[in-house]
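Structure first, then comments.
Along the sequence shown, residues are numbered consecutively beginning with 1. Just so it is clear, the values below take in all heavy atoms, side chains as well, and ignore hydrogens, waters and symmetry mates.
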Amino acid sequence: MTAQTAGPPRGPFAPDDAAAYTRWRDAKLAHLPARPDDLLVELADPRAVTAAERAALAERCRRHNMALFVGPVVADGTRDWLRAFARTFGLDDLDSNMLADEDGISPLTVAADGPRRAYIPYTDRPLSWHTDGYYNPLHRPVRGLVLYTVQDAAEGGENALLDHELAYIALRDADPGHIAALSQPDAMTIPPNAEPGQPPRPAQPGPVFSVDPLTGALHMRYTARVRHVVWKDDPAVTAAVAALNGLLNGGCPWVLRHRMAPGQGLLCNNVLHNRTGFRDAPDRTRLVYRARFHDRVSAA
């Protein structure tokens with residue numbers, strides 16, 4: 001897969017092509033999901049997706065960059081089925097990060113000890129707005145994501161979801177300068193990181209919004225975390241980040257909120273998402289499988 005470009009070269013994401021943007025925007029806003037159930041597809045067996053089920057999920061991802069699915073809970077200890085499910089949608093180039101298991105899939109559950117304990121996804125604390133892999137090098141972006149809930153928590157653990165294309169529309173309609181600022185190649189930098197036994201990760205500067213030169217798809221790289229991110233010292237970037245944060249924290253009517261039950265999952269093109277804090281019980285420990293990919297969901 002090729003790296004993302006730092007700015008929109010042509011089409012609806014080009015700053016000087018207002019006609020293409022308006023056509024794309026109007027088509028996008030004509031088909032908005034009103035509630036999470038509008039994204040939901042029922043599967044008879046997630047280990048054997050039918051052609052009709054696949055088409056329904058792919059269509060939702062094409063329109064909204066995400067789909068929800070639900071079926072019988074698969075908790076037999078092997079996750080080969082999850083990789084096979086992802087391949088059904090063209091997701092094959094797995095982003096195997098240092099905290100994933102040997103199969104490249106991460107079990108998101110509260111870690112009592114070990115290196116995972118230091119990272120918020122492996123705690124019961126709230127996760128702020130982000131896209132996955134925002135700290136990855138630009139030539140290895142996370143484009144696709146699958147989440148699958150084996151067990152929900154006793155309380156909490158709700159996700160908020162926002163199609164990143166809708167965030168783009170809201171910002172561009174408010175002020176095109178916000179898009180220009182956030183498309184700069186050094187708009188957001190993730191500082192270097194070093195973990196025992198791991199090769200050091202250098203600083204990762206890059207844009208928030210970029211466009212895939214092969215597909216023309218919009219990609220977003222973002223985290224709302226105050227720590228571990230450095231925004232460019234530029235008044236335009238400061239204003240754009242403030243506008244984006246305001247959008248995500250109550251200013252956007254297109255945010256969907258959903259608490260996934262056992263057997264439910266999310267298939268998406270790495271949309272913006274967060275998670276509320278949660279509380280486990282002795283007989284009810286939250287477990288969500290996460291698989292991240294360098295591919296986008298295939299609509300074909």
Min side-chain heavy-atom separation [X]-[Y] under 4.5 Å:
X: Leu29; Y: Leu166; answer: yes
X: Leu91; Y: Leu267; answer: yes
X: His258; Y: Leu266; answer: no
X: Leu162; Y: Leu256; answer: no
X: Gln204; Y: Pro202; answer: yes
X: Pro12; Y: Arg172; answer: no
X: Thr238; Y: Asp233; answer: no
X: Tyr134; Y: Met188; answer: yes

Pairwise distance [atom1]([X]) to [atom2]([Y]) - rounded to 0.5 angstrom:
X: Leu182; Y: Tyr222; atom1: CG; atom2: OH; value: 9.5 Å
X: Thr131; Y: His164; atom1: OG1; atom2: NE2; value: 9.0 Å
X: Asp103; Y: Tyr289; atom1: CG; atom2: OH; value: 9.0 Å
X: Leu43; Y: Glu53; atom1: CG; atom2: CD; value: 4.5 Å
X: Asn136; Y: His294; atom1: CG; atom2: NE2; value: 6.5 Å
X: Asp26; Y: His31; atom1: CG; atom2: NE2; value: 11.0 Å

Is the shortest side-chain N to carboxylate O distance from [X] to [Y] below 4.0 Å?
X: Arg63; Y: Asp163; value: no
X: Asp212; Y: Arg296; value: no
X: Asp95; Y: Arg140; value: no

Applying salt bridge (charged side-chain N to carboxylate O under 4.0 Å, His left out), can you list everything that pairs with Arg83, at least two apart in sequence or on another chain?
Asp92

Which atom of [X] lies closest to which atom of [Y], heavy atoms considered:
X: Ala58; Y: Phe89; value: N-CE2, 4.2 Å
X: Gly263; Y: Val73; value: N-CG2, 3.6 Å
X: Val74; Y: Pro46; value: CG2-CG, 3.7 Å
X: His178; Y: Ala240; value: ND1-CA, 3.5 Å
X: Met260; Y: Leu68; value: SD-CD2, 4.4 Å
X: Ala167; Y: Leu272; value: CB-CD1, 3.9 Å

Begin from the C-alpha positions of Met220 and Leu244 and carry the test side chain to side chain contact (heavy atoms under 4.5 Å, CB included) through to its verdict.
CA-CA 12 Å; Met220 188 174 187; Leu244 179 54; 3.8 Å; yes

Of Gln264, Arg286, Arg284, which is the lone residue that meets side-chain hydrogen bond (donor to acceptor under 3.5 Å, both in side chains) with Asp152?
Arg284

Between the main-chain N or O of [Y] and the side-chain N or O of [X], is there a donor-acceptor pair closer than 3.5 Å?
X: Asn245; Y: Ala242; answer: no
X: Arg54; Y: Thr88; answer: yes
X: Thr276; Y: Gly157; answer: yes
X: Thr285; Y: Asp280; answer: no
X: Arg116; Y: Leu99; answer: yes
X: Arg275; Y: Arg125; answer: yes
X: Asp295; Y: Asp93; answer: yes
X: Asn269; Y: Val297; answer: yes
X: His273; Y: Val271; answer: yes
X: Gln184; Y: Ala181; answer: yes

Begin from the C-alpha positions of Met66 and Leu161 and carry the test side chain to side chain contact (heavy atoms under 4.5 Å, CB included) through to its verdict.
CA-CA 9 Å; Met66 57 180 155; Leu161 306 167; 3.9 Å; yes

Using the ring of each side chain (for Trp, its six-membered ring), is Tyr21 parallel, tilted or perpendicular to Trp24, with breaks at 30° and 60°?
tilted

Report the C-alpha distance between Phe278 and Val110 in whole Å, list the side-chain angles of each, state the deciding distance to 0.1 Å, and finish with yes or no for side chain to side chain contact (heavy atoms under 4.5 Å, CB included).
CA-CA 10 Å; Phe278 62 89; Val110 176; 3.8 Å; yes

Run Phe69 and Phe85 through ring pair (Phe, Tyr, Trp, His ring centres under 6.0 Å) and show every step you take.
CA-CA 11 Å; Phe69 60 91; Phe85 173 88; 4.7 Å; yes

Let's go through Tyr148 and Trp81 carefully: what are the C-alpha distance in whole Å and the side-chain angles of both, what is the deciding distance for ring pair (Phe, Tyr, Trp, His ring centres under 6.0 Å) to 0.1 Å, and is it a yes or a no?
CA-CA 11 Å; Tyr148 181 75; Trp81 74 269; 4.8 Å; yes

side-chain contact (heavy atoms from CB on, under 4.5 Å), paired with Arg221, selected from Val208, Asn270, Val142, Ile190:
Ile190

Decide if atom CZ of Arg87 counts as having more than 12 heavy atoms of other residues, nucleotides or ligands within a radius under 6.0 Å.
yes

Please step through side chain to side chain contact (heavy atoms under 4.5 Å, CB included) for the pair Phe293 and Val146, ending with a clear verdict.
CA-CA 8 Å; Phe293 298 88; Val146 178; 4.2 Å; yes

Is there a chain of hydrophobic side chains (I, L, V, M, F, W, Y, each step under 4.5 Å between heavy atoms) that links Leu248 to Trp231?
yes

